[in-house]
Amino acid sequence: MRSLELLAPARNLECGLAAVDHGADAVYIGADRFGARVAAGNSVEDIARLCNYAHQFDVRVYVTVNTILYDDELEFTRQLLPALRQAGVDAILVQDMSLLSADLGGIALHASTQTDNRTPKKVRWLRSLGFRRVVLARELTLQEIRAIHEAVPDVELEVFVHGALCVSYSGLCYASQHCFRRSANRGECAQFCRMPFDLLDADGRVLEHNRHLLSLKDLCQLDRLEELAAAGATSFKIEGRLKDVGYVKNVTAAYNQQLDQLVRRHPNLYRRASRGHCHYSFTPNLQKTFNRGFTHYFLDGRRPDIASFDTPKAMGEYVGTVKEIHRMSFTVAGTASFANGDGLCFLRLAEQHGPSKGSDSQLEGFRVNRVEGNRLFPQHMPESLRPGLRLYRNQDQQMERLLSRPSAERKMALRLALRPLPDQGFVLTVIDECGRQRDFTFLEKHQPAQTPQRDNIVRQLSRLGNTPYVCTTVDLPEDFPFFIPGSRLAEWRRYVVGQLLASPAPAASPTAVVREYSPAPVYPQPHLYNISNEVARNFYHVPRLTAYEVNPAPGALLMQCRHCLRYSLGCCVKHGGHIPEWHEPLYLRLGDGKRFRLEFDCRQCQMNVYAQDS
């Protein structure tokens, strides 16, 4: 039977605790440095508090140490690892191979998606280095995931199932560093792919004007978990270490319910990786938290409509169309209900510039000040609002109120059984929801009962109150003839709960690092190895540091993308498109005039973005 893990993000301790309460089997969180999200760092003390809480439910805690490192940072990192081990961390996510030489103690190694994991050969190489788990590239198809699992079945495969998508293969994006000196491999991505571009051909013609040509929709595989599990995925990862606690609650709850249903359908194939069942005070709804529209991305191969050219912002759920407009209000045609404070938005057509094709749309938003049925009174009436425009709600006031309060309770089911010993004393047996049994013996004189005691004993032992447990049954022999004082039963109950809470989840045994390495992967340009310190340089046996952050090469390959503009614009002959009228090469141009040359590698079915240095 295979364990399935729902892996939720934690920006901070609050988000981590919420992820556990709302059904996560594991949580990933950043330490105060080197976590690929500079704005989401946490102290070791907070990580320890999260571990203590999470381990009650056998929920694991993984810490991201997945940036590339400079030489003067290695000592701090090596000092951080023992502190994380002491805090109870179960695994660390790694990109920089210099950490393989560090003393990891009992912490398992997970290969971050930043190590560019998209082939069986790469995963096999990582396994030879001692990685127990590999986080796969987001771009992989179901068939590619299955092929990796079949080739390397003893490596756990972690797949992204929800959240924002990077347009470049992770770890191989240098556009932010090139343009803004903010390295994505150092946790400082400036969101280059969310910016508006002009698309130009070799003759300088503007094919698309001021559009977000690299901005992808958000990933959502809620309805594909069963296929991913069958393909070999072990862990289902929600992206979002910069998201707020409401996002974590809602998305974690939605996927938790879906995974529970999957396990119920296949009880002989799968089980959850942690313990506890969640009860919610709200109905999870992915449309009601931040999203740019949803896509399955490349799970079924190349498909249209994976990008959001009009806006990189969250549009939210569709709520109807504008019906009639009055001076200070308007009515909505649709079935949605609204609340004071809701945030609504719509796409308005902007002025066209030049010979570009397609719409040049811009997202405009406003807040609802007052609601009277389907008549809405905005705080400021948008001038460009017109009858027939589609409205979206990107801020749901009612949902936010629900999620701002305690919104879930997670409990582990226990079955209790009490039986007398032959001469004196009693044995209280506890069986948890995984079938694990523990016996607790209490020395107590047998006192004959004057009246039936069953109801009182059951009531006293079932009072688990604010503990993480709930008692489902208390079994007693039919002829139980003894009296036990209520105070003594309460004392036994508290002792048992204390013992259960003091028993941590069994730690994952790290895979021993193999020193006979398989051949390292081969990249077309040296900077793609991301070698930024001497230890990593020696590991790869290269003569110098190659990271783009250290040695920015002129005209370098800045991005490798499976997303392809030739395909998105209907001009990929390989996939049934028409022959384009433009002359290549094509260029992306930012508003400040910076240009980037596009290369269409049809053999790899890949679009490459190069720096166009002046």
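One finds the CZ atom of Arg194 at 4.0 Å from the OG atom of Ser215 (value rounded to the nearest 0.5 Å). A distance of 4.5 Å separates CG of Leu557 from OH of Tyr610, quoted to the nearest 0.5 Å. Expressed to the nearest 0.5 Å, how far NZ of Lys121 lies from CD1 of Ile148 amounts to 13.5 Å. Note: Asp90 CG to Ile92 CD1 = 12.0 Å, rounded to the nearest 0.5 Å. Taken to the nearest 0.5 Å, the CG atom of Leu558 stands 10.5 Å off from the OG atom of Ser176. Going from atom CG of Asn185 over to atom CG of Asn530 covers 4.5 Å, rounded to the nearest 0.5 Å.
Residues satisfying the salt bridge (Lys or Arg N to Asp or Glu O under 4.0 Å) test with Glu534, not counting sequence neighbours, are Arg537. Qualifying side-chain contact (heavy atoms from CB on, under 4.5 Å) partners for Ala314, counting only residues two or more places apart in sequence or in other chains: Phe290. Qualifying salt bridge (Lys or Arg N to Asp or Glu O under 4.0 Å) partners for Lys237, counting only residues two or more places apart in sequence or in other chains: Glu158. Gln525 is linked by a side chain to side chain donor-acceptor pair (under 3.5 Å) to His527, counting only residues two or more places apart in sequence or in another chain. With sequence neighbours excluded, no residue satisfies salt bridge (Lys or Arg N to Asp or Glu O under 4.0 Å) with Asp72.
The cationic atom of Arg562 (NZ for Lys, CZ for Arg) does not lie both less than 6.0 Å from the six-membered ring centre of Tyr297 and within 45° of the ring axis. Note that Arg211 lies outside the cation-pi zone of Phe309, set by a 6.0 Å cut-off to the ring centre and a 45° limit from the axis.
Between Glu549 and Gln177, the side chains place no donor N or O within less than 3.5 Å of an acceptor N or O (distance only, hydrogens not considered). Between the side chains of His110 and Asn66, no donor N or O sits under 3.5 Å from an acceptor N or O. Side-chain polar atoms of Arg186 and Thr67 form no donor-acceptor pair below 3.5 angstrom. Side-chain contact annotation: Tyr169 with Glu139, donor-acceptor N/O pair under 3.5 Å absent. Looking only at atom types and distance, the side chain of Ser101 has a donor-acceptor partner in the side chain of Arg78 under 3.5 Å away.
The backbone N or O of Leu219 lies less than 3.5 Å from no partner atom in the side chain of His296, so there is not a single donor-acceptor pair. Side chain of Gln56 to backbone of Tyr53: a donor-acceptor contact under 3.5 angstrom is found. Under the 3.5 Å distance criterion, the side-chain polar atoms of Glu227 are left unmatched by any main-chain donor or acceptor of Arg224. The main-chain N or O of Lys217 is never found under 3.5 Å from a side-chain atom of Ser308 such that the two would form a donor-acceptor pair. Panel note: side chain Asn42, backbone Arg11; a donor-acceptor pair is recorded below 3.5 Å. Put simply, the side chain of Asp96 gets close to the backbone of Leu69: a donor and an acceptor are under 3.5 Å apart. Checked by atom type and distance alone, the side chain of Asp25 pairs as donor or acceptor with a backbone atom of Ser274 at under 3.5 Å. Checked by atom type and distance alone, the side chain of Thr141 never pairs as donor or acceptor with a backbone atom of Gly301 at under 3.5 Å. Judged by distance alone, with hydrogens and angles left aside, the side-chain atoms of Arg138 form no donor-acceptor pair with the main-chain N or O of Thr113 at under 3.5 Å. In terms of modelled atom types and a separation under 3.5 Å, the side chain of Arg544 and the main chain of Asn551 share no donor-acceptor contact.
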Item to check | Step-by-step side chain to side chain contact (heavy atoms under 4.5 Å, CB included) determination, Thr295 to Leu216 | outcome: CA-CA 9 Å; Thr295 174; Leu216 302 177; over 6 Å; no

Next on the checklist: Apply side chain to side chain contact (heavy atoms under 4.5 Å, CB included) to residues Asn12 and Asp46 and explain how you reach the verdict.
Outcome noted: CA-CA 8 Å; Asn12 51 31; Asp46 276 355; over 6 Å; no

Next on the checklist: Applying side chain to side chain contact (heavy atoms under 4.5 Å, CB included) to Val542 and Ile531, what does each step give before you reach the verdict?
Outcome noted: CA-CA 9 Å; Val542 295; Ile531 300 171; 3.7 Å; yes

Next on the checklist: Working note: Leu142 + Leu228, criterion side chain to side chain contact (heavy atoms under 4.5 Å, CB included); need CA distance, chi angles, decisive distance, verdict.
Outcome noted: CA-CA 7 Å; Leu142 206 59; Leu228 286 166; 3.8 Å; yes

Next on the checklist: For a ring-ring contact (aromatic ring centres under 6.0 Å, His included) check, start with the C-alpha distance between Phe192 and Phe197, then their side-chain angles and the critical distance, and finish with the verdict.
Outcome noted: CA-CA 10 Å; Phe192 172 87; Phe197 297 93; 5.2 Å; yes

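Between Arg410 and Ala24 the shortest heavy-atom distance is NH1-O, 2.8 Å. The two atoms that bring Tyr28 and Glu239 nearest to each other are OH-CA, 3.4 Å, heavy atoms only. Contact detail for Leu172 and Ser168: the closest heavy-atom pair is O-OG, 3.2 Å. In this structure, Asp218 and Asn291 approach most closely via the heavy-atom pair OD2-CA, 3.3 Å. In this structure, Val61 and Ala54 approach most closely via the heavy-atom pair CG2-CB, 3.9 Å. Shortest non-hydrogen contact noted between His22 and Cys278 is C-SG, 3.7 Å.
Counting heavy atoms from C-beta outward, Leu104 and Leu81 have side chains that approach closer than 4.5 Å. You'll find the side chain of Phe131 stays beyond 4.5 Å of the side chain of Ser112, heavy atoms only. Between Leu213 and Ser568 the shortest side-chain heavy-atom distance does not fall below 4.5 Å. At a threshold of 4.5 Å between non-hydrogen side-chain atoms, the residues Gln604 and Gln560 do not count as touching. Side-chain contact between Phe294 and Leu222 is absent, with no heavy atoms from C-beta onward closer than 4.5 Å. Side-chain contact between Met559 and Leu214 is present, with at least one heavy-atom pair separated by less than 4.5 Å. With contacts defined as side-chain heavy-atom distances shorter than 4.5 Å, the pair Leu225/Leu259 qualifies. Looking at Leu565 and Leu588, their side chains come closer than 4.5 Å, going by heavy atoms from C-beta outward.
Pairs of residues two or more places apart, or lying in two chains, that qualify as salt bridge (charged side-chain N to carboxylate O under 4.0 Å, His left out) and include a residue from residues 108-119 are Asp116-Arg118.
The aromatic rings of Tyr247 and His162 sit tilted, their planes meeting at an angle between 30° and 60°.
Put simply, the residue from Tyr540, Tyr548, Phe539 that forms a ring-ring contact (aromatic ring centres under 6.0 Å, His included) with Tyr529 is Tyr540.
One finds a salt bridge joining Arg133 and Glu156 here, because a Lys/Arg side-chain nitrogen approaches an Asp/Glu carboxylate oxygen to under 4.0 Å.
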